[in-house]
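Down below is the structure, laid out as structure tokens.
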Amino acid sequence: MAKVKFKIEGMKQLEKGFKKLGDVPQKHVTSSSRKGMNIALKDSKANAPYETGNLKKGIKLAGERSKHKGKKVYRVVFDREMNNVFQKFRQKDGVQTGELIGYYPVSQEYGFFAKNGRYIPGYRFISDSLKDNVRSIERTIVAEMRKKIDQEIAKVGLK
């Protein structure tokens with residue numbers, strides 16, 4: 001999948017809030033990150049090629065596990081529960097063999113070679129949604145974190 005790096009505006013204010021609080025609760029990092037990536041998820045679903053609707057249904061967010069506290073990464077991925085719809089296996093004499101020859105969502109994202117050898121380009125609906133929404137994702141994450149930190153500071157009673 002496409003990787004997008006963020007340069008966060010307003011980070012100094014967040015760092016000041018972090019210093020007042022000490023440690024940032026992981027639940028706030030997770031919820032802020034998820035809310036920001038929901039923008040990319042919605043845009044990916046809106047721009048996904050539509051034939052039967054399975055591709056649109058099969059897009060979801062997956063959180064990566066991290067060893068570091070205060071870090072959460074989400075990726076826009078294809079749902080493994082729908083692999084029976086997405087995977088294509090080689091068939092021999094009408095019987096499916098165990099050899100996987102195609103995965104529909106990836107071929108739609110990145111493209112594929114047709115039987116005649118011609119390359120069919122992909123739609124790039126996920127990578128484009130990340131690239132097109134970098135600023136709005138960034139602003140959402142920062143705004144949510146600011147709001148959550150301000151709530152925690154108010155709860156603790158620090159100024």
Side-chain angles (χ1 to χ4, degrees), residues 1-11 14-15 18 24-149:
M1 296 294 151
K3 289 185 180 184
V4 178
K5 293 187 178 186
F6 295 104
K7 182 180 177 190
I8 300 175
E9 296 172 12
M11 188 64 182
L14 278 177
E15 286 175 351
F18 291 152
V24 180
Q26 183 65 40
K27 64 181 180 178
H28 297 327
V29 174
T30 302
S31 67
S32 298
S33 179
R34 185 171 188 85
K35 192 164 190 177
M37 283 304 291
N38 271 329
I39 296 169
L41 177 69
K42 288 177 184 175
D43 194 42
S44 296
K45 285 186 175 193
N47 294 327
Y50 186 86
E51 189 171 309
T52 62
N54 286 328
L55 189 59
K56 195 175 281 195
K57 287 181 212 168
I59 300 173
K60 69 175 191 170
L61 284 180
E64 294 180 357
R65 297 182 69 76
S66 175
K67 295 178 185 177
H68 306 289
K69 187 174 172 29
K71 176 184 174 185
K72 188 64 177 185
V73 177
Y74 280 98
R75 295 183 308 141
V76 179
V77 296
F78 301 107
D79 193 358
R80 290 181 180 161
E81 297 292 319
M82 295 189 69
N83 274 349
N84 61 336
V85 176
F86 293 151
Q87 292 177 340
K88 181 178 180 183
F89 292 94
R90 185 171 311 280
Q91 290 194 358
K92 188 173 186 179
D93 299 328
V95 178
Q96 179 176 313
T97 65
E99 185 183 357
L100 180 67
I101 60 170
Y103 190 66
Y104 177 67
V106 174
S107 67
Q108 294 301 299
E109 173 72 11
Y110 298 112
F112 59 96
F113 287 99
K115 283 185 179 180
N116 63 6
R118 198 174 113 231
Y119 178 71
I120 310 295
Y123 291 102
R124 303 283 183 175
F125 54 96
I126 293 178
S127 56
D128 287 348
S129 71
L130 289 169
K131 288 176 190 170
D132 295 344
N133 295 303
V134 169
R135 294 290 170 221
S136 59
I137 292 169
E138 173 189 304
R139 275 187 254 117
T140 303
I141 292 172
V142 170
E144 279 297 306
M145 279 303 294
R146 267 196 210 147
K147 187 167 58 172
K148 302 280 186 181
I149 288 172

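The basis for the numbers below is simple: all heavy atoms, side chains too, and nothing from hydrogens, waters or symmetry mates.
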Interatomic distance, CG@L130 vs CD1@I39, rounded to 0.5 Å, equals 11.0 Å
Do the side chains of T140 and M37 get nearer than 4.5 Å, heavy atoms only?
-> no
Pairs where residues 117-144 contributes a residue and the test ring-ring contact (aromatic ring centres under 6.0 Å, His included) is met, not counting sequence neighbours = F113-Y119
Please collect all side-chain hydrogen bond (donor to acceptor under 3.5 Å, both in side chains) contacts where either partner lies in residues 39-53, sequence neighbours excluded, each pair once.
-> D43-N47, D43-N133, S44-S129, T52-N54
For the side chain of S33 and the backbone of V29, is there at least one donor-acceptor N/O pair under 3.5 Å apart?
-> no
Is there a donor-acceptor pair closer than 3.5 Å between any side-chain N or O of Q26 and the backbone N or O of K72?
-> no
V73 and S66, any side-chain heavy atoms less than 4.5 Å apart = no
With side chains defined as the heavy atoms from C-beta onward, is the minimum distance between Y104 and Q87 less than 4.5 Å?
-> no
Passes side chain to side chain contact (heavy atoms under 4.5 Å, CB included), V134 versus I137? Steps please.
-> CA-CA 5 Å; V134 169; I137 292 169; 6.0 Å; no
For K35, the salt bridge (charged side-chain N to carboxylate O under 4.0 Å, His left out) test, sequence neighbours excluded, returns E144
Here the pair of heavy atoms bringing S107 nearest to F112 is O-CD2, 3.7 Å
So salt bridge (charged side-chain N to carboxylate O under 4.0 Å, His left out) across residues 80-93, not counting sequence neighbours, yields R90-E99
Take V77 and L61 through the side chain to side chain contact (heavy atoms under 4.5 Å, CB included) test and state the conclusion after the steps.
-> CA-CA 6 Å; V77 296; L61 284 180; over 6 Å; no
Closest approach of F86 to G58 (non-hydrogen atoms, all atoms of both residues) = CZ-CA, 3.9 Å
Between H28 and S31, which heavy-atom pair has the shortest distance, and what is it?
-> O-OG, 3.2 Å
Heavy-atom side-chain proximity of N83 to Y103 below 4.5 angstrom = yes
Atom NZ of K27 and atom OG of S32: how far apart are they, to the nearest 0.5 Å?
-> 11.5 Å
Backbone of A48 reached by a side-chain donor or acceptor of Q108 within 3.5 Å | no
CD1 on I59 to CG on L55, rounded to 0.5 Å | 5.0 Å
Tell me, which pairs form a salt bridge (charged side-chain N to carboxylate O under 4.0 Å, His left out) where one or both residues lie in residues 57-71, sequence neighbours left out?
-> K60-D79, E64-R75
List in chain and number order the residues that pass salt bridge (charged side-chain N to carboxylate O under 4.0 Å, His left out) with R34, two or more places apart in sequence or in another chain; answer none if no residue qualifies.
-> none
N84 side, atom CG; M82 side, atom CE - distance, nearest 0.5 Å | 7.5 Å
Shortest non-hydrogen separation from F78 to I126 and the atoms involved | CZ-CD1, 3.5 Å
